[in-house]
Amino acid sequence: MSSASRFKMRIYSPQWGHKDLYQFKKTKEGWTFENYRFKGEVDKGGNPLFYKALLTESISYPNYLEIYISSAWENVNTLNKEQVQNIFDELSKWISASEHDIN
């Protein structure tokens with residue numbers, strides 16, 4: 001699969017009452033990350049911009065999230081696009097569920 005594929009996360013923002021879009025595109029060293037507020041290079045785990053975006057939106061996230069995003073990065077070239085997108089979909093649900101459990 002082409003590593004140029006863009007993967008999307010839709011995460012519920014309690015601040016705005018709807019799901020915001022977060023996008024990841026694999027690079028040689030990590031990801032290009034983008035949402036409506038931030039855009040730039042992040043490491044394999046999404047640091048620092050992805051977490052800065054979540055904190056800016058007051059979104060809590062589960063421990064070890066970075067490990068799962070790094071795992072998705074490791075698997076981009078061995079899984080098909082749909083399988084990798086499924087990983088991001090599950091992470092989106094996990095973050096949104098974590099947010100609802102805390103609040």
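- Scanning both residues, S13 and I59, for their nearest heavy atoms gives CA-CD1, 4.1 Å.
- Between S58 and P14, the shortest heavy-atom distance links the atoms O-CG, 4.2 Å.
- Within the 4.5 Å cutoff, the side chain of N80 has heavy atoms near those of the Q83 side chain.
- Note that CD of E29 is 7.0 Å distant from NZ of K44, once rounded to the nearest 0.5 Å.
- Residues satisfying the side-chain contact (heavy atoms from CB on, under 4.5 Å) test with E41, not counting sequence neighbours, are T27, T32.
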- Item | Candidate pair E90 and N86, rule side-chain hydrogen bond (donor to acceptor under 3.5 Å, both in side chains), full reasoning | CA-CA 6 Å; E90 290 302 314; N86 285 339; over 6 Å; no

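- Rounding to the nearest 0.5 Å gives a distance of 12.5 Å between CZ of R10 and NZ of K93.
- Linking Ile, Leu, Val, Met, Phe, Trp and Tyr residues whenever their side-chain heavy atoms come within less than 4.5 Å places I67 and L79 in a single cluster.
- Atom CG of D20 and atom OG1 of T56 lie 11.0 Å apart (nearest 0.5 Å).
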- Does the pair Y61 and Y51 meet the rule for a ring pair (Phe, Tyr, Trp, His ring centres under 6.0 Å), with working shown? CA-CA 9 Å; Y61 52 89; Y51 301 97; 5.1 Å; yes

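- Closest approach of A72 and I87 over heavy atoms only: CB-CG2, 3.9 Å.
- Checking side-chain atoms of E66 against main-chain N and O of G46 turns up no donor-acceptor pair under 3.5 Å.
- With contacts defined as side-chain heavy-atom distances shorter than 4.5 Å, the pair V42/I69 does not qualify.
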- Check step by step if ring pair (Phe, Tyr, Trp, His ring centres under 6.0 Å) holds for Y68 and W94. CA-CA 11 Å; Y68 291 96; W94 190 31; 5.1 Å; yes

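- Here the side chains of L65 and I95 are in contact, with some heavy-atom distance below 4.5 Å.
- Nearest heavy-atom pair across E57 and Y22 is CG-OH, 3.9 Å.
- By the rule that hydrophobic residues join a cluster once side-chain heavy atoms approach within less than 4.5 Å of another member, I11 and Y36 end up as members of separate clusters.
- In this structure, CE in M9 is found 8.5 Å from OG in S96, a value given to the nearest 0.5 Å.
- Residues K8 and F88 share a closest heavy-atom pair of O-CB, 3.6 Å.
- A donor-acceptor pair is defined here as one N or O able to donate and one able to accept, closer than 3.5 Å; no such pair exists between the side chain of N75 and the backbone of T78.
- Rounding to the nearest 0.5 angstrom, the gap separating the CZ atom in F7 from the CG atom in D89 is 11.0 Å.
- In this structure, K25 and E34 have side chains that are not in contact, with every pair of non-hydrogen atoms separated by 4.5 Å or more.
- The two residues K26 and W31 come nearest to each other via the heavy atoms N-CE3, 3.4 Å.
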